[in-house]
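Residue numbering restarts at 1 for every chain, and letters A, B, ... go by the order of the sequence lines.
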Protein chains: 2
Amino acid sequence: MVQKNSIISNPNVSVDCVVFGFDGADLKVLLVERYGRDNLDFQDDTLVLPGDLINNHEDLNEAASRVLYDLTGLTKIFLQQIGAFGSPKRLSKPKDIAWLDAVRMNPEARVITIGYYALINIKNYKVRPSSFAKHVVWRAYDEVGELGFDHNDILDRAIHNLRDQLYREPIGFELLPSHFSLHQLYSLYNEIMGGGIDRRNFRRRMLKTGFLKETEEYQEGVPHKPARLYTFIPEEFENASKNNFKFY
Amino acid sequence: MVQKNSIISNPNVSVDCVVFGFDGADLKVLLVERYGRDNLDFQDDTLVLPGDLINNHEDLNEAASRVLYDLTGLTKIFLQQIGAFGSPKRLSKPKDIAWLDAVRMNPEARVITIGYYALINIKNYKVRPSSFAKHVVWRAYDEVGELGFDHNDILDRAIHNLRDQLYREPIGFELLPSHFSLHQLYSLYNEIMGGGIDRRNFRRRMLKTGFLKETEEYQEGVPHKPARLYTFIPEEFENASKNNFKFY
DNA sequence: AAACTTAGTGTAAAAATTACACTTTGAAAA
DNA sequence: TTTTCAAAGTGTAATTTTTACACTAAGTTT
C-alpha cells in the first residue's frame, strides 16, 4: 500500500467543464479555442472544453465555478462533478503534442483533470468582452467533432451523466427560462433523451408531479395559439414526490 | 479562464478505496489503521480507507488496483470511480493535524484524492502476511464510526453510488461466490437497499431476467432443506435484457 | 373567411408491481 | 422411526403504471 522509495512528482490538477445549453431545438455545448498559457499568441484551431488549473486553497467546485464565471459572468450555475481523468496517455495526439511544445510544457508532465458538467440557460449567457469571448463557440452536441486532449472522453461521460440525472431529477429547468411552455420542456427532454417520447403522456406525467405551477402568462409573438407558460417549484419536488420522479 | 500570474503549486494526488464485502448478513467495509509514510512507527488508532499516492505514469485506475492488490492479493477486482475530493479544508480535524505533524507533512500541503469503490467476495480475501495485514479490519457498514481525513464523505458517496448501480446493473454477484443461493442474493440486495424487499417477488424477478443459470449443486451443511445454487451469466445480461434490469 | 400551425385534451389495453400464505424437504431431536 | 424445526420453494388476484393513439380549440396569416 505504501510505496516506499519511489519518487512521486505531483501532477498538475485542472478542472474542465462541459457547459450544456438548449436553444429550443438542439442541445449545445460551449467550446473554446485552445490557446497557450503565458503564450497567448499561440493558438491552433483545435476546440477544447473550457477549463483551467486549480489554484492553491481553492476547492475543486470553486475552481469550476470560477471557470464558468470567467466565461459567462454567471454565478450560481448548476454544476455537477463527473469524475477525474488522469491517464498519463491523455496527451498523445500529434496536435496535442505540438501544442505542448508551443507552450513550452514538458510532454511528460502529468495533468489530471476533474470533469464537470454545467447547465445554463443559453439566453442568460453574455459574451464577456474581456476574457476569451472571441474564442468561445456554442456547438450542437451532435456536431462536436474531435476535441483536443481527452476532452471527447469527458464529453461522453458528461452526456451520460446528464441523461442519467435528467431521468431522475428535475434538472431540465436549469436549461430553460424561468417561465416556459410545456412544449419547450418536452423538446428539451425529447432532444436530450434521444427522441421517442410521447407528447401527451409527457405532458400528463409532468403535470402530475406537482412541481410545475401554471402562470397567467402566454407565449408571445407566435403565429398560432400561444402556449401557457409554467414555472418550476423546487420546494414541491423536495417535499412531495419523494424520489418517485422518473422520465423515460 | 486563464489565471495569469498566480503561482500554482501542484497538489499531491492520491486514490482511496471503499472496499465492500458481504458476509451473508452485513455489508462490510475494509478499513486500515493510519500509519505514517516514511515513518511507519507512528500510528494513531484512527481508521481510514486504504489508499495511496499515485505514482508517475500510473493511470488513476491502476493506482486504485495496485492499492487493492497490495491489500488483498487479488487482481481483477470490480472497481468504480466515484469522484474527486479536493477541499483544501479536508484535513481540519485535530487528530488529522497531529498526524500530519507526526509524519512531517506541511498542513498547508494540498492533497486531492480520487475515490473508488470496490466489490470483493469476502471469502476470497486473504490477509497478506506482508504489507499491512495486521492493521486491516472489516467493519460492518453500520458500525463504521468517524474515520480520519474526509473519508466519511468518501464512504457516503460510495454507498450512494453502490445503491444506485446495484439498482440498475447486475453487480451484486461481485460480492458473492460464483455459485450462490437465491437466498444469499436476496439477503445481499435487501441489506444493501435497506430492507423491505419481498422475497417471492425478488425471486421471480431475478429468475425472469434470464442471466441466472441454475446449477445441479445445492447448499451443504445446513440443518434444513438445502437451497439450489445458481450462477451468473454476464453474457445474458449484455445481450438479452438490454437495460431493463431494475431492482427495488 | 379560409387555411395554417401548434395547443390542448381522454380513454382503453397491456404490462408491471404489489401483497400475501401454504406446502415441501432435509436435518436434527426426541 | 417419528416428530419437530427451519428454510426452500411456489401462484394468484388486485392495483398501479405505462403505453398507444386522434381529434378539437385557438390564434395568426393569407
Side-chain angles (χ1 to χ4, degrees), chain A residues 23-25 166-168 176-177 179-191 193-231 240-248, chain B residues 22-25 166-168 170 176-177 179-191 193-231 240-248:
Chain A
D23 66 1
L166 188 60
Y167 187 82
R168 295 186 287 167
L176 293 177
H179 292 196
F180 50 85
S181 69
L182 284 174
H183 176 73
Q184 282 177 289
L185 192 61
Y186 168 77
S187 305
L188 187 159
Y189 272 85
N190 202 43
E191 173 69 15
M193 289 313 200
I197 301 179
D198 182 276
R199 192 168 64 88
R200 274 186 291 182
N201 292 340
F202 177 86
R203 168 183 289 262
R204 177 188 18 246
R205 207 157 162 172
M206 269 295 169
L207 291 174
K208 198 174 54 164
T209 64
F211 50 71
L212 289 187
K213 199 177 81 187
E214 64 177 38
T215 69
E216 295 309 314
E217 292 166 67
Y218 292 84
Q219 237 179 342
E220 280 175 21
V222 288
H224 54 74
K225 181 176 178 180
R228 183 188 281 275
L229 302 186
Y230 289 78
T231 188
S241 71
K242 281 294 176 230
N243 300 358
N244 286 11
F245 186 87
K246 199 179 79 181
F247 287 103
Y248 303 97
Chain B
F22 182 68
D23 66 2
L166 187 60
Y167 187 82
R168 296 187 289 165
L176 295 176
H179 291 196
F180 51 85
S181 69
L182 284 174
H183 176 73
Q184 284 177 288
L185 192 62
Y186 168 76
S187 305
L188 187 158
Y189 272 85
N190 203 44
E191 173 69 15
M193 289 313 201
I197 300 179
D198 183 275
R199 193 168 61 89
R200 274 186 290 183
N201 293 339
F202 177 84
R203 168 184 289 262
R204 179 190 15 248
R205 207 157 159 172
M206 268 296 169
L207 290 175
K208 200 174 52 161
T209 64
F211 50 72
L212 289 188
K213 199 177 79 187
E214 64 177 36
T215 71
E216 295 309 314
E217 293 166 67
Y218 293 84
Q219 236 179 341
E220 281 174 21
V222 288
H224 54 74
K225 180 175 179 181
R228 183 189 282 276
L229 302 185
Y230 290 79
T231 189
S241 70
K242 280 294 178 230
N243 301 357
N244 286 12
F245 187 87
K246 198 180 80 181
F247 287 102
Y248 304 96

Gap between atoms [atom1] and [atom2], on [X] and [N] respectively (whole Å):
X: A:Leu207; N: C:dG10; atom1: CG; atom2: P; value: 12 Å
X: A:Gln219; N: C:dT6; atom1: CD; atom2: C1'; value: 8 Å
X: A:Tyr218; N: C:dA7; atom1: OH; atom2: P; value: 13 Å
X: B:Arg205; N: D:dT10; atom1: CZ; atom2: C1'; value: 18 Å
X: B:Glu220; N: D:dA8; atom1: CD; atom2: P; value: 15 Å
X: A:Lys208; N: C:dG10; atom1: NZ; atom2: C1'; value: 14 Å
X: A:Phe202; N: D:dT19; atom1: CZ; atom2: P; value: 14 Å
X: B:Arg228; N: C:dG26; atom1: CZ; atom2: P; value: 11 Å

Annotated structure of DNA chain D as dot-bracket, pair cut-off 3.5 Å, Watson-Crick or G-U only, | for inter-strand, is ||||||||||||||||||||||||||||||
Using a 4.0 Å heavy-atom cut-off to protein, can you give one letter per nucleotide of nucleotides 20-28 of chain D, 5' to 3': B if the base is in contact, S if only the sugar-phosphate is, - if neither?
BBB---BBS
Interatomic spacing from OH in B:Tyr230 to CG in B:Leu212 - rounded to 0.5 Å
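That separation rounds to 8.0 Å.
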Gap between atom CZ of A:Arg199 and atom CG of A:Asn190 - 0.5 Å precision:
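Here the rounded value is 11.5 Å.
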side-chain hydrogen bond (donor to acceptor under 3.5 Å, both in side chains) against A:Glu217, all qualifying residues, sequence neighbours excluded:
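Checked A:Glu217 against side-chain hydrogen bond (donor to acceptor under 3.5 Å, both in side chains); matches are A:His179.
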Who pairs with B:Arg204 by side-chain hydrogen bond (donor to acceptor under 3.5 Å, both in side chains), at least two apart in sequence or on another chain?
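With sequence neighbours excluded, B:Arg204 shows a side-chain hydrogen bond (donor to acceptor under 3.5 Å, both in side chains) to B:Asn201, given in chain and number order.
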Of all heavy-atom pairs between B:Phe180 and B:Leu185, which one has the smallest distance, and what is that distance?
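Between these two residues, the closest heavy atoms are CE1-CD2, 4.1 Å.
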Over 60° means perpendicular and under 30° means parallel, so tell me whether B:Phe202 and B:Tyr189 are parallel, tilted or perpendicular.
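Taking B:Tyr189 first and then B:Phe202, their aromatic rings sit tilted (interplane angle of 30° to 60°).
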For a quick test of reading the model: is some side-chain N or O of B:Arg203 closer than 4.0 Å to OP1 or OP2 of D:dG9?
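Yes.
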Using residues 222-229 of chain B as the side-chain source, report each donor-acceptor pair under 3.5 Å to any protein atom, sequence neighbours left out, with the distance given to one decimal.
| unit_1 | atom_1 | unit_2 | atom_2 | d |
| --- | --- | --- | --- | --- |
| B:Arg228 | NH1 | B:Thr215 | O | 2.6 |
| B:Arg228 | NH2 | B:Tyr218 | OH | 3.1 |

Partners of B:Asp23 by side-chain contact (heavy atoms from CB on, under 4.5 Å), sequence neighbours excluded?
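With neighbours one apart ignored, the set is B:Ala25, B:Asp26, B:Lys28, B:Ile122.
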Contact check, side chains of B:Leu207 and B:Arg203, non-hydrogen atoms, under 4.5 Å
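Contact flag for B:Leu207/B:Arg203 side chains = yes.
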